[in-house]
2 protein chains.
Amino acid sequence: MRNKFLVIYNELAGQIENGVIRPNTKLLSENELAEQYKTSRETIRKALTLLAQNGYIQKIRGKGSIVLDLSKFEFPVSGLVSFKELAQKMSKNWRTIVHDLETIYPNEEIRTHLNVSKKEKVWKVVRAREVNNEKIILDKDYFQTKHVPKLTKAICENSIYEYLENELGLMISFAKKEIIVEEPTEEDRMYLDLEGFHNIVVVKNYVYLNDTSLLQYTESRHRPDKFRFVDFARRNR
Amino acid sequence: MRNKFLVIYNELAGQIENGVIRPNTKLLSENELAEQYKTSRETIRKALTLLAQNGYIQKIRGKGSIVLDLSKFEFPVSGLVSFKELAQKMSKNWRTIVHDLETIYPNEEIRTHLNVSKKEKVWKVVRAREVNNEKIILDKDYFQTKHVPKLTKAICENSIYEYLENELGLMISFAKKEIIVEEPTEEDRMYLDLEGFHNIVVVKNYVYLNDTSLLQYTESRHRPDKFRFVDFARRNR
DNA sequence: GAGTGGTCTAGACCACTCA
DNA sequence: GAGTGGTCTAGACCACTCC
């Protein structure tokens, strides 16, 4: 992290999170910050733009940058967050149970989702997520074998994301999420503690790499009472 | 719209949408674009960054900017989109039925959501949304009266957002969305065609103005079979 | 009118990709 | 090594807010 603007971003973000810079106060002006960090104003602006995009501040022309009250916006987890990160943040007791881990010749549905040919094998991973002794999420993942040569039970029980990014060096760049509600399937009833719920919240997730190729298709199937999705949206213009 | 980078953004976005620039091809390089538009490279970069953020292109260092296949990512409506915009985009038959339009002294729940005092009145608007002759969404809106002095049935039947932004000149800057699933209330059963569904998808929406003050709290209650939410997330770094 | 953030410039150096 | 996008600079002018 030798990017100047990232260093400044992280320092300011940390100070806001720790209350060193208090909500509803104004940040130093861009010119003052440029002087303080001995850098150009454009670099400061890059850091502040990031802060604004991530919900730390609100920039107001002619006035300054106001520090937002983070506690009002807890967990803008919209983006790309793994179950492990999330579970740890909420400091819950959690466990992952791997029900299936194999390479398969995909059926037509998966082929269209993953955009692969009949002849290509894909990884299929089925995992149940248990939080506070209740199995409430069923994750069905499909990966391109050309990007993921090896996968073990241990990796699936920990975090596949960590493995892909840190071990394999894959660069995940963007994802498309779709949220819908369905009837539970037999598989849902088998692997989850459904307790009579009549619906399942399905989060379909398409994960793309830096070179725009599709890496993964995931269906995350949530028990409706334990589902919560938070999104933080800014007007672009 | 005299911002150079916005003009360039809109021109390129339009060309991508209309297929003039085809998916999976490369954009001209930043230097070439700077020359073509007779501007500096940083300005081109601003336009391209916006294109990338909105899912039009993927920038790859050392290679170039690849045009993404928009049809794969239809409707990245995540952000701040009104029901009217959405319904018109899907070109469905739609209708809005206003069930309630009044100013009230808010109860405690609304007071915490809107962060107002006991003495302040707020607007309460209850509307059912009918699409293809089925009432599938119940919208409950609460507005600060200090920002919205007047509100009529006609406005509520059309688009409150349009009124706030175009008539009142309010500058909406960001919103926090929360999606959960609940049991239907009596009100849901009364105003919606629930047809035996046991759950309601609730989208809670907090809308903030440019000066960081809270304008509106909305609960959008969807029949689960007609609910669909699409989100497009980029890794920030 | 002083100060703020928003836009724009022309140039520099870097890290990366690909032939 | 030529070309690409990523970062950074120092300076300019603008639109806006507030006194």
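Proteins come first, then strands; the chains are lettered A, B, ... in the order of their sequence lines, and each starts at number 1. Below, each value reflects all heavy atoms present in this structure, side chains not excepted, and no hydrogens, waters or symmetry copies.
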In Å and rounded to the nearest 0.5 Å, what is the CD to CG distance from B:Glu219 to B:Asp139?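 One finds 10.0 Å between CD of B:Glu219 and CG of B:Asp139.
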Using side chain to side chain contact (heavy atoms under 4.5 Å, CB included), reason through B:Tyr161 and B:Ile172 one step at a time and then give a plain yes or no. CA-CA 9 Å; B:Tyr161 269 85; B:Ile172 292 166; 3.5 Å; yes
So A:Tyr56 and A:Tyr9, would you call those rings parallel, tilted or perpendicular, with 30° and 60° as cut-offs?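 Rings of A:Tyr56 and A:Tyr9: perpendicular, as their planes differ by over 60°.
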Look at the rings of B:Phe174 and B:Tyr208 and say which category their plane angle falls in: under 30° parallel, 30 to 60° tilted, over 60° perpendicular. parallel
Spell out, as yes or no, whether a donor-acceptor pair under 3.5 Å connects the side chain of A:Gln58 to the backbone of B:Asn210.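 Looks like yes, one N/O pair under 3.5 Å.
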Donor-acceptor contact below 3.5 Å, side chain B:Ser173 vs main chain B:Leu209: yes
Name all stems that contain residues of DNA chain D, defined as runs of 3 or more consecutive Watson-Crick or G-U wobble pairs, both distances under 3.5 Å.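 Paired runs of 3+ in DNA chain D: C:1-18 with D:1-18.
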Chi angles and distances behind the side-chain hydrogen bond (donor to acceptor under 3.5 Å, both in side chains) call for A:Asn31, A:Ser29: CA-CA 5 Å; A:Asn31 283 316; A:Ser29 78; 5.1 Å; no
Could you tell me from which nucleotide to which nucleotide of DNA chain D, 5' to 3', there is an atom under 4.0 Å from chain A heavy atoms?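 Answer, 5' to 3': D:dT7 to D:dC18.
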Test of understanding: with side-chain contact (heavy atoms from CB on, under 4.5 Å), list the residues that count as partners of B:Lys26, not counting sequence neighbours. B:Ile66
List in chain and number order the residues that pass side-chain contact (heavy atoms from CB on, under 4.5 Å) with A:Lys150, two or more places apart in sequence or in another chain; answer none if no residue qualifies. A:Thr152, A:Tyr163
Report the residues that fulfil ring pair (Phe, Tyr, Trp, His ring centres under 6.0 Å) with A:Phe227, sequence neighbours left out, ordered by chain and then residue number. A:His222
Please produce a list of atom pairs where a protein N or O lies less than 3.5 Å from an N or O of nucleotides 17-19 of chain C.
residue, atom, partner, partner atom, Å
C:dC18, OP1, B:Lys63, NZ, 2.9

Starting at the 5' end of DNA chain D, which residue's closest nucleotide do you reach first, B:Leu27 or A:Ser40?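 Final value for this comparison: B:Leu27.
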